[in-house]
K.L.:
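Can you keep this structure in mind? I'll have questions shortly.
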Amino acid sequence: MPDTMVTLRNLVRRFGDFVAVDNVSLDVAKGEVFGFLGPNGAGKSTTIRILCGLIAPTSGTAKVAGFEVGPESEQIRRHIGYMSQKFSLYDDLSVEENIEFFGGLYGVEGERLQQRKQYVLEMAGLTTKRNEITAMLAGGWKQRLALGCAILHEPPVLFLDEPTSGVDPIARRQFWDLIYGLSEAGSTIFVTTHYMEEAEYCNRIALMYKGRMIALGTPSELKRERNLPSMEEVFIQSIEKEDAKEEAKA
Amino acid sequence: MWKRIRVLVRKEFLQVLRNPRTRILLIVPPIMQLMIFGFAANLDIENARVAFFDRDNTPQSRALRAAFDASPYFEVTDDLDTEAQLQKVLDSGKVLAAIRILPGFARDLARNTEPAQVQVLVDGTNSNNASIVSGYANRLIAGFRQSGATPDLTQTRVWFNPELKSRYYFIPGVAMNILTIITMMLTALALVREREIGTMEQLMVSPLAPSELIIGKTLPFVAIGFLQFFLILTVAKLVFGVPVRGSIFLLILAVALYLLTTLGSGVLISTISKTQQQAVLSVFLYFMPVFMFSGFTFPVRNMPDAVRWIANINPQRYFIDILRGVFLKGSGIDVLWEPMAVLAGIGILVLGTSILRFHRQLD
């Protein structure tokens, strides 16, 4: 496995006249928890969707787990886990049936499936609810089950697209504990969020605004450079600066 | 590849059988349609009420009356004495037809030089009933004359369905309807549901290839389609006594070819529907014209040219021909190869187009 797990070089994605991702370049190291921050419509989800091979970039290149996005998408799919903000599970299947289905898709079977299933059930705190229909689960449990289904095949890179939207603060905190655990075990995690307190949890963050990356660094670096006490203020100041620049141009 | 497809097929069955809505869809429409078309929607005429106006009043004319009364198709309910009464029974709809025997009937019958004078006055408000009743009456009268003297010139003998039971005609069509609705609806719903709840994206980032997705998503409905077809076949044979004179293998082949078109249409509908409701509406929007132009109820050859042209690209039209051919005539591949080939062509075209569209939409 390479040391750099995600690489973006001059990545651009246009939808008609609208530029959703505007010339973004960055590298994410192995084992890093990398945060992608920005307001709605900043191009976070579009970037993740390109990296997962769901949409093609207009120009530029990207590599995931050492494989080129586009020509080597098939290999990429075997090496990534993806969890969308919708916690895409089958509501009409039981907890266990969801796990078995996603395991089967990734070729996790037999003894390994039993082990992984046990791991996921324990991790999500669903051991006693394994036969319950997924629709009946509360938000936090659903979220952890969705994460569990995304990591059954032990992917080296995990993409999480606003994984904490719509769950309560306690469940959110528990979720981040799980993320740290995965990162310590060697997984690379690429996560988007618009919760500022979550930005503090990341090893490094990129601030996105109108498709452009306007800041990159560790949370403490970003705060120190600007001499600001919190990420929230870093966020607001960076965006205001960006808007001022644009007005000056106009 | 097959492992992933198997996983998908298993999940699909779990979902179809668990969802109360789809479970109802599997059971209620087939039973309801079979009951309606097998018992209720009956175009046959039995014991049609007729009035008799005998102005000849001879042993011969009375024998004709008795012949009507004895026939299973007729029941003489009124004997009339005046023209006014005749008018009245027809006006009130009390009888479907009135038989008027003119004076001199017995004499003409005996001479056998000119046609004997019998009139059949039919209530034409229901044109279908009218033509059936007049047909039966004419046959009965012709038979009556023939038994008396020289044979008639024309004789009608009905092949394949000698008793002209409309049930025989309808039930193969019911099999087609159920097959169409169920397989098309379930395929469209299963695909749209994945998109609606966001799992489609989850599938697309997994190693599952688009071709595996299509196969895994349609295979369960092929199985369900066949299961339903055999269920209907069994009920048709055992409960309604519909004959199956041709080869079962030919039927299976025809069903397989026809399923290509319904599954293809289902996939196509899923590509134009954002929600499950839209998909359901689209299925019915598609189904109505296809059903009307299939020849199930209205013969295609009576349609205006433009409509007939549309009917000629309608897969149901060929499928119903094959079904009726195999069921009632016992036709073999030597006769049916042509509609089979057309059906296969349409099926490949529809399924191919829909898969292309589906692929393009994923990108």
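Below, chain A is the first sequence line, B the second, and so on; all start at residue 1. These figures come from a predicted structure and were not determined experimentally.
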K.L.:
Do the side chains of B:Val7 and A:Glu100 get nearer than 4.5 Å, heavy atoms only?
P.N.:
no
K.L.:
Which atoms of A:Glu74 are under 4.5 Å from chain B, going by heavy atoms: the side chain, the backbone, both sets, or neither?
P.N.:
neither
K.L.:
Do any of residues 190-218 of chain B come closer than 4.5 Å to chain A, heavy atom to heavy atom, and if so which ones, in number order?
P.N.:
B:Glu194, B:Arg195, B:Glu196, B:Ile197, B:Gly198, B:Thr199, B:Glu201, B:Gln202, B:Leu203, B:Met204, B:Val205, B:Ser206, B:Pro207, B:Leu208
K.L.:
From the options B:Arg18, B:Lys11, B:Arg10, select the one residue that forms a side-chain hydrogen bond (donor to acceptor under 3.5 Å, both in side chains) with A:Glu97.
P.N.:
B:Arg18
K.L.:
Within the 4.5 Å heavy-atom criterion, are A:Phe101 and B:Leu8 side-chain neighbours or not?
P.N.:
yes
K.L.:
Heavy atoms under 4.5 Å from chain A: which residues of residues 266-274 of chain B carry them?
P.N.:
none
K.L.:
Working to the nearest 0.5 Å, report the span between CG of A:Asp92 and CG of B:Leu17.
P.N.:
11.0 Å
K.L.:
Check whether A:Phe102 gets within reach of chain B through its side chain, its backbone, both or neither, counting any heavy atom under 4.5 Å.
P.N.:
side chain
K.L.:
Which of residues 106-144 of chain A get closer than 4.5 angstrom to chain B, counting heavy atoms alone?
P.N.:
A:Tyr106, A:Glu109, A:Ile133
K.L.:
Quick one: which residues of residues 225-237 of chain B reach chain A at under 4.5 angstrom, heavy atoms only?
P.N.:
none
